[in-house]
Amino acid sequence: MKQELLKKIEDKTFVVGVLGLGYVGLPLNLCFAEKGFRSIGFDIDKSKVDALNASTSYIKHIPSGRIKAARDSGFFAATVDFSKMNECDAILIAVPTPLNKNREPDMEYVVSSCVAVAKHIRRGQLVVLESTTYPGTTDELMVPILEKGGLKVDKDFYVGFSPEREDPNNRDYRTETIPKVVGATSADGLEVANKMYQQIVVRTVPVSSTRVAEATKLMENIFRSVNIALVNELKVAFMKMGINVWEVIEAAKTKPFGFMPFYPGPGLGGHCIPIDPFYLTWKAREYGVTTRFIELAGEINTAMPSFVVQRAMDALNEVGKPLKGSNVLVLGLAYKANVDDDRESPSYELMRELEEKGAVVEYNDPFVPVIRMTREHPQYAGKKSVPVSKNHDLILISTAHDDYKSIDFASMKVPVVDSRNLVKNQFPLLFKA
Ligand SMILES: NC(=O)c1ccc[n+]([C@@H]2O[C@H](COP(=O)([O-])OP(=O)(O)OC[C@H]3O[C@@H](n4cnc5c(N)ncnc54)[C@H](O)[C@@H]3O)[C@@H](O)[C@H]2O)c1
């Protein structure tokens with residue numbers, strides 16, 4: 001089985017299927033197609049599949065032209081027909097791994113996609129999970145589902161885990177230039193998975209087990225979460241002392257060793273940093289371990305929206321207005337600059353807290369013209385972005401989109417609360433938060 005798969009990779013007859021065509025799965029699929037491997041994308045969302053087959057992108061930073069080129073090459077097609085998995089030599093799973101209401105891992109998507117793979121799995125395939133998850137998922141959850149049909153792992157098919165390090169809209173790194181960690185349940189499986197990823201990325205990093213690969217991803221994101229919490233704490237302390245934390249960071253980062261800059265903000269956002277650390281916390285409990293650093297970082301980071309709302313109240317106070325009844329414009333709904341991804345965005349928490357205190361809240365985001373229905377914020381579904389104007393009582397900058405850099409906030413004569421250090425010129429109604 002191993003030799004056959006390695007040969008197929010070498011002569012490029014190896015077919016790659018990707019399950020879940022989102023921010024992670026779509027670029028992954030395109031990378032294989034661009035390297036001349038037949039690539040099939042699977043998703044349960046027919047609208048995404050139809051859009052891709054019509055060469056239309058639904059992700060801002062992935063141009064439709066890139067999809068068109070992949071479609072025209074004949075190497076890429078998307079489908080909702082999971083029976084086509086049979087045509088694939090590898091199936092890579094990149095589905096969501098959110099938290100449930102109790103902030104515990106919600107493995108629903110991973111389980112349902114493994115069930116779908118199990119229905120179609122055949123001898124001689126490689127299945128790799130790419131979704132971020134707790135150590136042990138591949139061994140304990142995925143393999144038993146895949147083996148239900150009677151085939152045996154590492155005898156009939158291989159299983160691996162290779163975490164995604166996608167950073168949407170990162171101008172310096174893209175899928176191909178980010179080294180990829182690869183783990184598998186056997187040495188043979190690892191050899192095949194490693195060789196497959198070598199076709200699309202600059203460097204692979206094979207590790208001794210799927211657990212090490214799973215833990216690596218969590219360590220990377222926990223590192224970010226903890227450091228962001230630290231800088232958020234420093235922001236609050238320095239602000240009280242009249243010190244601009246962003247200026248401190250700029251100065252500190254001139255140290256050529258032993259320091260790495262992290263930036264404060266209105267709270268954590270996105271699909272990874274607010275969520276992933278709790279996958280480890282949950283699993284560690286099974287081993288009687290309390291992850292205090294992670295919990296503390298979570299506590300500090302989740303307190304940030306309230307801190308920013310307090311600054312908004314202070315800012316309105318300066319012009320003799322209460323928050324209750326004031327019209328507040330939240331500037332930026334995406335969780336980070338220049339992307340259209342609003343998942344877990346702290347802007348939602350800001351909107352919720354402002355409304356709870358009686359403010360009338362509107363938002364502006366050129367990349368999120370209308371808020372789609374989500375299970376986290378159903379109350380905002382259908383709400384539309386409004387233009388930035390001086391008719392608001394307060395403007396609260398939550399996302400530092402480049403488009404906002406040219407706005408002349410000073411001339412608007414309304415208080416501006418800036419939680420991203422977007423506004424560089426000082427004016428009396430500017431409040432950093
Ligand atoms: N977005 C990022 O920047 C990023 C970075 C690194 C890692 N990750 C991780 O990658 C994983 C995927 O994240 P994403 O941002 O790509 O999610 P996403 O929501 O953008 O995409 C997931 C896709 O999976 C599809 N899907 C859901 N259930 C399915 C099923 N049973 N079968 C087939 N398709 C199904 C959805 O329709 C959707 O298109 C998560 O574990 C996430 O933590 C994300």
Side-chain angles (χ1 to χ4, degrees), residues 17-31 40-52 57-62 78-85 88 91-99 105-120 127-134 137-138 141-142 145 161-170 173-175 178-181 201 213-214 216-222 224-225 268-280 334-345 372-376:
V18 175
L19 210 76
L21 299 173
Y23 285 81
V24 166
L26 179 58
L28 191 65
N29 220 337
L30 292 173
C31 280
I40 309 175
F42 298 90
D43 206 291
I44 46 173
D45 185 340
K46 190 172 179 307
S47 65
K48 285 188 178 171
V49 165
D50 290 345
L52 291 175
S57 177
Y58 42 80
I59 296 177
K60 187 179 101 48
H61 65 275
I62 301 177
T79 181
V80 288
D81 178 4
F82 285 17
S83 69
K84 284 201 163 60
M85 277 188 219
C88 301
I91 299 162
L92 317 181
I93 303 174
V95 294
T97 42
L99 293 172
D106 175 355
M107 301 309 288
E108 178 196 326
Y109 301 96
V110 171
V111 169
S112 62
S113 40
C114 289
V115 168
V117 175
K119 254 191 219 155
H120 302 285
V127 186
V128 185
L129 183 62
E130 294 247 353
S131 305
T132 309
T133 186
Y134 59 84
T137 305
T138 313
L141 186 73
M142 190 170 156
I145 300 175
F161 182 85
S162 180
E164 193 48 61
R165 284 169 162 168
E166 196 66 27
D167 184 18
N169 212 36
N170 186 317
Y173 294 98
R174 48 185 212 287
T175 317
I178 304 172
K180 199 152 176 35
V181 173
V201 293
E214 288 157 341
T216 304
K217 175 71 189 179
L218 290 185
M219 183 191 262
E220 292 166 11
N221 283 354
I222 289 165
R224 280 191 65 73
S225 163
L268 292 182
H271 197 344
C272 299
I273 313 299
I275 293 171
D276 302 348
F278 296 100
Y279 269 68
L280 188 71
Y335 80 90
K336 71 171 189 178
N338 308 319
V339 302
D340 58 356
D341 191 349
D342 61 339
R343 288 177 293 176
E344 301 286 323
S345 172
R372 69 199 158 82
M373 183 61 177
T374 58
R375 65 178 181 180
E376 294 81 21

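As the structure lists them, so they are numbered: ligands from 1, and atoms in each ligand from 1. Note that the structure is predicted; figures quoted are calculated from it, not measured.
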SG/C272 to CZ/R343 distance, rounded to the nearest 0.5 angstrom?
8.0 Å

Check: of Y109, Y58, F42, min heavy-atom distance to atom 27 (C) of ligand 1 comes from Y109

Per side-chain contact (heavy atoms from CB on, under 4.5 Å), V110 is matched among L141, T133, I93 by L141

Please state which protein non-hydrogen atom is closest to atom 24 (O) of ligand 1 and give its distance, to 0.1 Å?
G20 CA, 3.3 Å

Please state which option from T97, I59, L19 has its nearest heavy atom closest to atom 41 (O) of ligand 1.
T97

For Y279, which part has a heavy atom under 4.0 Å from ligand 1: side chain, backbone, both, or neither?
neither

In this structure, are over 12 heavy atoms from other groups packed under 6.0 Å from R224 atom CZ?
no

Location of contacts on P163 toward ligand 1, heavy atoms closer than 4.0 Å
neither

Looking only at distances, can you tell me whether any N or O atom of K48, backbone or side chain, sits closer than 3.5 Å to an N or O atom of ligand 1?
yes

Test your reading of the model: is there a side-chain donor-acceptor pair from K217 to the backbone of V181, 3.5 Å cut-off?
no

Going by atom types alone, do E164 and T132 pair a side-chain donor with an acceptor below 3.5 Å?
no

Can you pull out the closest protein heavy atom to atom 5 (C) of ligand 1? Residue, atom name and distance to 0.1 Å, please.
E166 O, 3.3 Å

Those atoms of ligand 1 less than 4.0 Å from some heavy atom in F82
32 (N), 33 (C)

Residue and atom name of the nearest protein heavy atom (relative to atom 11 (C) of ligand 1), distance in Å to one decimal:
V95 O, 3.4 Å

Heteroatom distance test (D43, ligand 1): nitrogen or oxygen, under 3.5 angstrom
yes

Can you pull out the closest protein heavy atom to atom 43 (O) of ligand 1? Residue, atom name and distance to 0.1 Å, please.
T132 OG1, 3.4 Å

Nearest protein heavy atom with distance in Å, relative to atom 15 (O) of ligand 1
R343 NH2, 2.9 Å

For atom 44 (C) of ligand 1, what is the nearest protein heavy atom, given as residue, atom name and distance?
V24 CG2, 3.3 Å

Ignoring hydrogens and angles, tell me if any N or O in the side chain of E214 forms a donor-acceptor pair with the backbone of T138 under 3.5 Å.
yes

For ligand 1, which atoms, with element, lie under 4.0 Å from some heavy atom of S112?
31 (N)

Output for pair (I59 CD1, L52 CG), nearest 0.5 Å, gives 8.5 Å

What protein heavy atom sits nearest atom 22 (C) of ligand 1, and how far off is it?
P96 CD, 3.5 Å

Side chain, backbone, both or neither: which part of S131 comes within less than 4.0 Å of ligand 1 when only heavy atoms are counted?
both

K217 heavy atoms, cut-off 4.0 Å: which ligand 1 atoms fall inside?
6 (C), 7 (C)

Atom 13 (O) of ligand 1: nearest protein contact (heavy atom, Å)
H271 CD2, 3.6 Å

Looking only at heavy atoms of A116, does any of them come nearer than 4.0 Å to an atom of ligand 1?
no

Of the listed options (I44, L129, V18, L26), which comes nearest to atom 28 (N) of ligand 1 when hydrogens are ignored and any heavy atom counts?
I44

